[in-house]
Structure formats: C-alpha cells, structure tokens
Undergrad: 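Mind looking over this structure? Questions follow.
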Amino acid sequence: MPLKIATWNVNSILARLPTALKVFEAVGADIWCLQEIKCEDARFPRFEFEALGYNIETLGQKSYNGVAVLSKHRIEECVRGVPGLDHDQARYLECVIAAPGGPLRVASIYAPNGNPPDTDKFKLKLDFMAALNTHARDLLKLEERTILAGDYNVIPREVDCWDPRAWEGDALFKSESRGAYRTLVNFGYADAYMQTDAAAHKYTFWDYQAGAWAKDHGIRIDHLLLSPHAADRLGSVEIFKQARAMEKASDHVPVVAMFGE
C-alpha cells in the first residue's frame, strides 16, 4: 500500500486553520509533519483534524515554535526533544507509526533559524544540528524506515536560493549550517528532493516582505531526509507550491513524498 508523507511549516495552526484544512484536503497525505504550530498542546485544533481521520501527537509551546505529527495510522510511541540536547524550545517530535509494510519512524523537525550569526542564536542552531546528527546516526543502526522531515533552516546548495549574494552571511547559508546538513547526508540519509528531482531554483519558502512571492525570490529549506530503507521505497516528491498562493498562506509550502510498498 503506497504512503504519502508531507512536511509543512504551517506558521501558526490556529491563525491559518481554514487554509490548513484546505491544504490537507488537496494534498491527501497519510502522514503530516508540521512545524511552527505556535500553540500549546491543549490548544491544538484536534477536533478538526481527528474528523479527517488523523491520530495526533504534538509538542507545543505558547506563541512560538512547536511541532506535530498527524497520522492516519496508529502512533505507537514518541520521543519529545532531540536526545542529548538541553533547551526549552519545542522543536523535535519523533514518532513510531504502525504503517503498512511495517513500523515507520518519522520526526517533525523545526531547526533554529540562527540569526544573527554572531549571537547565541547561531550557537543554538549548531548545537541543535550536532545533537540531531548524533541521534540520526544512532537511528540508522535500527535499520528501520526513518524519515527526518521538517524545516531545517538550511539552504543546501547555491541553486536552492534565488540569489546566493542575497544570502551571504545569513545563518541559513553559512558554511557551518550547510556542513551540518551535509553530515546527515554523508551518514546515509537521502534528501528526498535530490533523489527524485534535484532541479535548481525550486523553493519551499518565500518571505512575506519585498514582494518575494510575486518575484519568485524563494529558498529551499524544508527537507525530507530518508534512511536507506525509506529511500529504497521513494517514488516521487512534489513541492506543493499552490499553498503559497492561498488566502492567509504560510510563508512555507508542503513538501510531499510518495512511497511504494
């Protein structure tokens, strides 16, 4: 049975609930990894998504950050927070899902932005990525289908942004950030988009400022990284760009991957 898995930085699930429900209906994913839900667990609109057939796990906090996993298959266990990293921000939720074909491990990840780079915000970004890398390497030892999905706040290649000169010195584009991302790939995780398309200048984020959407001044910072067992079953990847043109849109759009049996 095929599986469709999507990651999306929704930029406040409460502020964009009608839009989010329309996107969910249009995409039809079996599993969603959401970032920046921006609400405490008790305020997540569970009723509306349970009505669509989803089981829901959240790691929220008031007004900022927050991640969620929604699955049409049973969620069996969860890890809240990156193991080995001590901080008070809701940025990592890992769930084991009783999916067709055997257990599937997915993580919804909202990595720190890191700007300005000369502050503790950049240190948190690098500390987060270092802890994630250590944990991700340990997960490979389980030899499971594992998908590390989310907003990594990393632009992997120069052609993943509209103009590298505009991003020079930005935390998303600094060599340390890109190197930490490459480390995950070097461990054996496949960037789903790179495995199926890899075309230049396809983006997942357009800022609300300076007419970025109208000018197509975007960046690709939302990624699905796949363990070898997951990558073997990858069929296709779509950047659901239509979501950015909707009313009350998030500044990110979903990245949707289809997996075979």
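The basis for the numbers below is simple: all heavy atoms, side chains too, and nothing from hydrogens, waters or symmetry mates.
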Undergrad: A side-chain contact here means heavy atoms from C-beta on lying under 4.5 Å apart; do H73 and L3 qualify?
TA: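 Yes, side chains in contact.
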Undergrad: Would you say the side chains of Y208 and N11 form a donor-acceptor pair under 3.5 Å?
TA: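 Y208 vs N11: donor-acceptor pair found between side chains.
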Undergrad: Rounded at 0.5 Å granularity, tell me how far CZ in R91 sits from CG in L132.
TA: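 The distance works out to 12.5 Å.
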Undergrad: Taking atom types as modelled, is there a side-chain donor on N113 or K125 under 3.5 Å from an acceptor on the other?
TA: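 There is no such pair between these side chains.
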Undergrad: Under 6.0 Å from the six-membered ring centre of F205 and within 45° of its axis: does the NZ or CZ of R220 meet both?
TA: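 Judged by the rule (NZ or CZ under 6.0 Å from the ring centre, within 45° of its axis), R220 is not positioned above F205.
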Undergrad: Please check if the number of heavy atoms outside D120 that lie under 6.0 Å from its CG is greater than 12.
TA: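 Result for CG/D120: open.
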Undergrad: Could you tell me whether E57 and R80 have a side-chain N and a carboxylate O separated by less than 4.0 Å?
TA: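 Between R80 and E57 there is a salt bridge, with a charged N closer than 4.0 Å to a carboxylate O.
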Undergrad: Are any of the side-chain heavy atoms of H135 and P83 separated by less than 4.5 Å?
TA: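 Of all side-chain heavy-atom pairs linking P83 with H135, at least one is under 4.5 Å.
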Undergrad: Evaluate V237 against V255 for side chain to side chain contact (heavy atoms under 4.5 Å, CB included), listing each step before the verdict.
TA: CA-CA 7 Å; V237 172; V255 183; 3.9 Å; yes
Undergrad: So if you build clusters from Ile, Leu, Val, Met, Phe, Trp, Tyr with side-chain heavy-atom gaps below 4.5 Å, do I219 and F173 land together?
TA: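 Yes: a chain of side-chain contacts under 4.5 Å links I219 to F173.
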Undergrad: Is any side-chain heavy atom of R43 less than 4.5 Å from a side-chain heavy atom of L14?
TA: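 SC-SC contact between R43 and L14 confirmed.
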Undergrad: Among the clusters formed by ILVMFWY side chains lying less than 4.5 Å apart, do L124 and L172 turn up in the same one?
TA: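 Hydrophobic grouping puts L124 apart from L172.
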Undergrad: Please check this pair: side chain of K38 against backbone of A15, looking for a donor-acceptor N/O pair closer than 3.5 Å.
TA: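 Checked: no pair found.
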Undergrad: Evaluate ring pair (Phe, Tyr, Trp, His ring centres under 6.0 Å) for F44 paired with F49, printing each intermediate quantity in order.
TA: CA-CA 10 Å; F44 189 90; F49 291 100; 5.8 Å; yes
Undergrad: State whether the side chain of W8 and the backbone N or O of H252 hold a donor-acceptor pair below 3.5 Å, judged by distance alone.
TA: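 At least one qualifying donor-acceptor pair exists.
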Undergrad: Just verifying a value: how many Å separate Q35 CD and I37 CD1, rounded to the nearest 0.5 Å?
TA: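 One finds 10.0 Å between CD of Q35 and CD1 of I37.
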Undergrad: Could you go through the side chain to side chain contact (heavy atoms under 4.5 Å, CB included) check for Y110 and E36 one step at a time?
TA: CA-CA 7 Å; Y110 178 47; E36 277 203 280; 3.3 Å; yes
Undergrad: Indicate, with yes or no, if I56 and V10 share a hydrophobic cluster defined by side-chain heavy-atom contacts under 4.5 Å among Ile, Leu, Val, Met, Phe, Trp and Tyr.
TA: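 Yes, same cluster.
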Undergrad: Can you tell me how far the OG atom of S108 sits from the CG atom of L93, to the nearest 0.5 Å?
TA: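 If I round to the nearest 0.5 Å, the distance is 6.5 Å.
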Undergrad: Which heavy atom of V96 sits nearest a heavy atom of P103, and at what distance?
TA: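 Between these two residues, the closest heavy atoms are CG1-CB, 4.2 Å.
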Undergrad: So, does T58 use its side chain to make a donor-acceptor pair with the main chain of A68 at under 3.5 Å?
TA: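 Side chain of T58 to backbone of A68: no pair is present.
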Undergrad: Can we say R74 and E76 salt-bridge, meaning some charged N sits less than 4.0 Å from an Asp/Glu carboxylate O?
TA: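 So R74 pairs with E76 through a salt bridge.
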Undergrad: Flag the pair K123 and D127 as a salt bridge only when some basic side-chain nitrogen lies within less than 4.0 angstrom of an acidic carboxylate oxygen.
TA: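 Result for this pair is yes, salt bridge flagged.
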Undergrad: Could you pull out the closest heavy-atom pair between H87 and Q89, with the gap in Å?
TA: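 Result for this residue pair: CE1-O, 2.8 Å.
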Undergrad: Grab the two heavy atoms, one from G81 and one from L59, that are nearest each other, plus how far apart they are.
TA: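 Result for this residue pair: N-CD2, 4.0 Å.
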Undergrad: Does F240 CZ have over 12 foreign heavy atoms under 6.0 Å away?
TA: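 Yes, because the 6.0 Å sphere around CZ of F240 holds more than 12 heavy atoms from other groups.
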Undergrad: Quick one: does any side-chain atom of H223 pair with a main-chain N or O of V154 as donor and acceptor, under 3.5 Å?
TA: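 Here the side-chain-to-backbone pair exists.
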Undergrad: Can L225 be reached from M194 by stepping across I, L, V, M, F, W or Y side chains whose heavy atoms are under 4.5 Å apart?
TA: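 No; tracing contacts between hydrophobic side chains, which count when under 4.5 Å, never links both residues.
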Undergrad: Between atom CG of D151 and atom CD1 of I109, what is the distance when rounded to the nearest 0.5 Å?
TA: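 These two atoms lie 10.0 Å from each other.
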Undergrad: Identify the two heavy atoms, one from D30 and one from P2, that lie closest to each other, and give their separation to 0.1 Å.
TA: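 Heavy-atom minimum between the residues: OD2-O, 4.1 Å.
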Undergrad: How far does CG of L139 sit from CG of L148, to the nearest 0.5 angstrom?
TA: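 Spacing of CG (L139) from CG (L148) equals 6.5 Å.
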Undergrad: With no hydrogens and no angle check, just 3.5 Å: does a side-chain donor-acceptor pair link D170 and N115?
TA: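 Present: a donor and an acceptor within the cut-off.
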Undergrad: Between K241 and W206, is any pair of side-chain heavy atoms under 4.5 Å apart?
TA: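 When only atoms from C-beta onward are counted, W206 and K241 do touch, with a gap below 4.5 Å.
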Undergrad: D41 side chain to G60 main-chain N or O, any donor-acceptor pair under 3.5 Å?
TA: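 Yes, because the side chain of D41 sits within donor-acceptor range (under 3.5 Å) of the backbone of G60.
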Undergrad: Please lay out, stage by stage, how W162 and Y203 fare under the test ring pair (Phe, Tyr, Trp, His ring centres under 6.0 Å).
TA: CA-CA 9 Å; W162 67 276; Y203 311 127; 8.8 Å; no
Undergrad: Would you call W32 and V23 a side-chain contact if the rule is heavy atoms closer than 4.5 Å?
TA: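 Yes, at least one pair of side-chain atoms sits under 4.5 Å.
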Undergrad: Spell out, as yes or no, whether a donor-acceptor pair under 3.5 Å connects the side chain of D232 to the backbone of H229.
TA: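 Judged by distance alone, no pair lies under 3.5 Å.
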Undergrad: Does some side-chain heavy atom of K72 sit less than 4.5 Å from a side-chain heavy atom of I97?
TA: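 The answer is no, as the side chains (C-beta and beyond) never meet within the 4.5 Å cut-off.
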Undergrad: Check whether more than 12 heavy atoms from other residues, nucleotides or ligands sit under 6.0 Å from atom CG of D86, and answer yes or no.
TA: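 It does not: D86 CG has 12 such atoms or fewer within range.
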Undergrad: Do V27 and L17 share a hydrophobic cluster (ILVMFWY, side-chain heavy atoms under 4.5 Å, transitive)?
TA: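 In one cluster: yes.
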Undergrad: Please check this pair: side chain of S177 against backbone of A171, looking for a donor-acceptor N/O pair closer than 3.5 Å.
TA: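 Yes; at least one donor-acceptor contact below 3.5 Å.
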Undergrad: Of the non-hydrogen atoms in A111 and M129, which two are nearest, and what is the gap between them?
TA: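 Taking every non-hydrogen atom into account, CB-SD, 4.4 Å.
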Undergrad: Under 4.0 Å between a Lys/Arg side-chain N and an Asp/Glu carboxylate O for R105 and E144?
TA: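 Looking at E144 together with R105, the answer is yes, because their closest N to O distance falls below 4.0 Å.
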Undergrad: Start with the C-alpha gap between E158 and R178, add the side-chain angles, then the distance that decides, and say whether side chain to side chain contact (heavy atoms under 4.5 Å, CB included) holds.
TA: CA-CA 10 Å; E158 289 192 355; R178 296 165 74 190; 4.2 Å; yes
Undergrad: Minimum heavy-atom separation for S236 and T196, please, with both atom names.
TA: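 Heavy atoms only, the tightest pair is CA-CG2, 4.2 Å.
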Undergrad: Does R137 use its side chain to pair, donor to acceptor, with the backbone of F187 at less than 3.5 Å?
TA: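 No; zero donor-acceptor contacts below 3.5 Å.
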Undergrad: Please test D191 against Y181 for side chain to side chain contact (heavy atoms under 4.5 Å, CB included), starting from the C-alpha separation and ending with a verdict.
TA: CA-CA 10 Å; D191 180 325; Y181 184 83; 2.8 Å; yes
Undergrad: I want to check something: taking the side chain as every heavy atom from C-beta on, are T204 and Y193 in contact at a cut-off of under 4.5 Å?
TA: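 SC-SC contact between T204 and Y193 ruled out.
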Undergrad: Any donor and acceptor pair, going by atom type alone, linking the side chain of Q195 with main-chain N or O of A231 inside 3.5 Å?
TA: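 It does hold such a pair.
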Undergrad: Per the side-chain contact (heavy atoms from CB on, under 4.5 Å) rule, which among D160, D197, D216 passes with K202?
TA: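 By the side-chain contact (heavy atoms from CB on, under 4.5 Å) criterion, K202 pairs with just one of D160, D197, D216: D197.
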Undergrad: For a 4.5 angstrom cut-off between non-hydrogen side-chain atoms, does V69 reach N55?
TA: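 No, side chains not in contact.
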Undergrad: What's the spacing between T7 OG1 and L224 CG if we round to 0.5 Å?
TA: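 Spacing of OG1 (T7) from CG (L224) equals 5.5 Å.
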